[in-house]
Amino acid sequence: RIRQRRLDQYPSCLNLRTFSSSSADDDNDASSNNKLRIAIVGGGAAGMTAALHLSPLVAAGLVQGPIDVYESSIVKKKCKTRTDNDTSAHDDNLKPVGHRKGGKQSYPGSGALGRDIGVGIWSTAWWPFLKSLEKGLLSNTTTVEENNASSLANMVQKQKNRQSYQTLLQDLEACGSYVGDIGYRTPNGSWLVKSELNGTPFGIQDLLSDDNNNNASSASESIDNYDDPALLFVREKDLLSCLRNAIKIEKKLGTVKYHSGVRVNGIENVNGDLGSLVLQSTANNTSSDEQYLSPQYNLIIAADGLYSSLRSRFAGHHPTHATSTGIESSIRSSPENTLEYNWEHTKGQREATQVEDREYIVFRGNAPKLESSEEDGSGSFQTWGEERSMRFAAVPFYHETEDLEDDEDDDNNNNSGHYSKSQSFTSKKKDEEVWFATISDPVFIDTYKAAANSVNPVEQKRLLMDAFRSWHKPITTLIETTPAEEIMYELAVAHRHNAGPVFDVARIMEFEMWQEKMKAKGDGNESNSTIKGNGDGKINGRGPILVFLGDAMMTVDPVLAQGFTIAMESGASIVQSIERTLVHPDNATSSSTADAPIYNPKLLRSELKQRHLDRERRVLQLLRSTELVQRLAQPSGFGSILATWIVRPVVKLCPEGIKKRVFDFVIRYSLGFTGGDRDK
């Protein structure tokens, strides 16, 4: 059972730096200063992006600092490697403690550390940082009136001129490369369409150059009016290192605290609009059974991936329920008098949070850069198969071979507050070609599901080469030149539904307590049932707001490979919503940080509800595009006949100009550039 004690009442934990929190001392009464308190569960791309975007609000005094980020993996350099025999990492709630190499991937996603594989991130993921930095530069020359909403907004804008943003953007460009020419082909090598992406987007150096030339307004126009998306390819682990380096800068400034090696098991200690997280150390030198409570928070952001523990417990519950007299909202009534407790509530909730098997396997690898004699001049390409959900894509990219991070996350090791080493990079770029292949052949799927661990990598590679042997060059060469033990493969999975914000955590907890009580009563052990709350099955208040980001909100089929992009977009969008509530005219009573805007739960709930609708539209566009591309590029069954003998011949007959416009539109549509405000 959870020990109902405060975090600062665990002296054994206070000896471990990763468990301490500067907000623990003034802990469980957040109403003492009326500032919004926020925790982020998950230290991957979505969680770190949200924390970085929240840092200006903390620096401006509008949000209680630091932002606590809880990550179950032990994120230290000395823990970033593990032996091939280490199979203890897979757990639905506990991500691996080291870079996963090739072979079978027991769960999708990068975790907090990432892998060597190259991944693409679209410009919509990092443009919010660039825009924020530009606003910070502009605010230095802007004069506003005091004691109004504009002054509050200006306080925040001034804080957006952050070294962490500049470092992040510089590091990303330094350790990766942009994609230029792209094309879509058939297995025999013929082209369906050729196009190109923006290979030279407006970036950090352009912004800083304009600022140095006192031309920041032109930079704003260049960023805000940009609708030409760019695609940056970096190694997965480098992307996460870049974000972590930026987090380190904010840590020294006191705006963010990254708790490594701490797993979140649930929410307890609910009182009013506050609640604590149930924490458990994943460090080897602590008791694995001991749980303890975090400080209380008003807002909990769950960004802990596909198998989010908070999603599986709290997402998918209906905001209204059937009762004997009609429809009941979240207003308290006696639990035993409502039909919701007899309805198959848990079955409906499981349906809403279900993970769906997409019935194909994804193989990925980094191949050495091909010699010119092995190339066919295609550059980046994607080849659409004709059966068995087969598809192949390859992207040439180059990356730094140096480590972006310091040896230790230790305040004593770096006094500069600037952890990036990208400025000292030498020309140690490594040219590679990242590729991926999909296939639904039962040989691969059955083997994946039956084998507890990786099958023989050499045999797996041979089977993969046989499947694609008749396809155009350089496909088999790319597979052949990739070391067998470095080829990774995983079953494609996705969520069936997205997870909306939860505004009544206490209501769900009451239902769980009622279930526990009924189960104990049925077993004849009612006296042993542990009912939390005030003794009658009720909890005081609604509890903290719970919002889901990235894969925790919805893991999408990996057809269009926008997982990191969606994660970073959502991290930016939720902070935009929080910022709007804090600088809202109803809150703009003073620009003094000593008299900061009072946290307004009702206003925040309303804003987050609207944000969810906006994000649903964005995700819906991605889902539609995913379905279209999957039917055209990964056909199976009758779809194979339709795609091969009808759709593709028609595509080939279309004029190049029309084809290019259609394919470019699909890309922009999948990124949310059409049909709405992409910033939401």
Thr282/Ile74 under side chain to side chain contact (heavy atoms under 4.5 Å, CB included): CA gap, chis, key distance, verdict: CA-CA 8 Å; Thr282 61; Ile74 303 174; 4.0 Å; yes
Sub-3.5 Å donor-acceptor pair from the side chain of [X] to the main-chain atoms of [Y], do we have one?
| X | Y | value |
| --- | --- | --- |
| Ser123 | Ala230 | yes |
| Ser132 | Phe129 | no |
| His495 | Leu306 | yes |

Is it the case that [X] and [Y] place a side-chain donor and acceptor less than 3.5 Å from each other?
| X | Y | result |
| --- | --- | --- |
| Thr255 | Glu250 | yes |
| Gln64 | Tyr297 | no |
| Tyr307 | Asp551 | no |
| Gln291 | Asn265 | yes |
| Glu268 | Ser276 | no |

From [X] atom [atom1] to [Y] atom [atom2], the distance as rounded to the nearest 0.5 Å:
| X | Y | atom1 | atom2 | answer |
| --- | --- | --- | --- | --- |
| Leu113 | Ser241 | CG | OG | 8.0 Å |
| Leu239 | Asp171 | CG | CG | 11.0 Å |
| Leu604 | Asn298 | CG | CG | 8.5 Å |
| Leu253 | Lys248 | CG | NZ | 14.5 Å |
| Leu274 | Arg37 | CG | CZ | 8.0 Å |
| Asp431 | Ser177 | CG | OG | 8.0 Å |

If I compare all heavy atoms of [X] with all of [Y], which pair ends up nearest, and what's the gap?
| X | Y | answer |
| --- | --- | --- |
| Ser294 | Leu277 | OG-N, 2.8 Å |
| Gly47 | Ala303 | N-CB, 3.7 Å |
| Leu546 | Ala302 | CD1-CB, 4.2 Å |
| Val75 | Ala112 | CG2-CB, 4.1 Å |
| Leu243 | Leu52 | CD2-CD1, 4.0 Å |
| Leu608 | Val547 | CD1-CG2, 3.7 Å |

Tyr448 six-ring centre to Lys104 NZ/CZ under 6.0 Å and within 45° of normal: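 The answer is yes, since Lys104 meets both limits relative to Tyr448.
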Partner of Phe363 by ring pair (Phe, Tyr, Trp, His ring centres under 6.0 Å), out of Trp435, Phe444, Phe436: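 Testing Phe363 for a ring pair (Phe, Tyr, Trp, His ring centres under 6.0 Å) against Trp435, Phe444, Phe436 leaves exactly one candidate, Phe444.
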Worked verdict on Ser260 versus Glu71 for side chain to side chain donor-acceptor pair (under 3.5 Å): CA-CA 5 Å; Ser260 172; Glu71 170 53 44; over 6 Å; no
Mutual orientation of the aromatic rings belonging to His259 and Tyr70 [parallel < 30°, tilted 30-60°, perpendicular > 60°]: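 Correct class here is parallel.
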With sequence neighbours excluded, residues passing side-chain contact (heavy atoms from CB on, under 4.5 Å) with Gln166: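 Partners of Gln166 under the side-chain contact (heavy atoms from CB on, under 4.5 Å) test: Leu133, Gln163, Gln170, Ile204, Leu208.
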Side chain to side chain donor-acceptor pair (under 3.5 Å) between Gln105 and Arg115, worked out: CA-CA 11 Å; Gln105 307 295 291; Arg115 299 159 290 191; 3.0 Å; yes
Listed partners of Ser55 passing side-chain hydrogen bond (donor to acceptor under 3.5 Å, both in side chains), at least two apart: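 In terms of side-chain hydrogen bond (donor to acceptor under 3.5 Å, both in side chains), with neighbours along the sequence ignored, Ser55 is linked to Arg162.
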With Phe548, the side chain to side chain contact (heavy atoms under 4.5 Å, CB included) member among Arg615, Met554, Arg311: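 Testing each of Arg615, Met554, Arg311 against Phe548, the sole residue satisfying side chain to side chain contact (heavy atoms under 4.5 Å, CB included) is Arg311.
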Charged N-O contact under 4.0 Å between Asp357 and Lys449: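 Yes.
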Note: Glu486-Arg364 ion pair, threshold 4.0 Å (strictly below):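 Judged by the 4.0 Å cut-off on N to carboxylate O distance, Glu486 and Arg364 do not form a salt bridge.
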Run the side-chain donor-acceptor check on residues 556-565: report pairs under 3.5 Å with partners two or more places apart or on a different chain.
unit_1	atom_1	unit_2	atom_2	d
Asp557	OD1	Tyr360	OH	2.5
Asp557	OD1	Val559	N	3.1
Asp557	OD2	Arg358	NE	2.5
Asp557	OD2	Arg358	NH2	3.3
Gln562	OE1	Arg618	NH2	3.1
Gln562	NE2	Ser670	OG	3.0
Thr565	OG1	Trp122	N	3.0

Check against side chain to side chain donor-acceptor pair (under 3.5 Å), Asn498 and Glu616: CA-CA 8 Å; Asn498 63 358; Glu616 273 191 324; 3.1 Å; yes
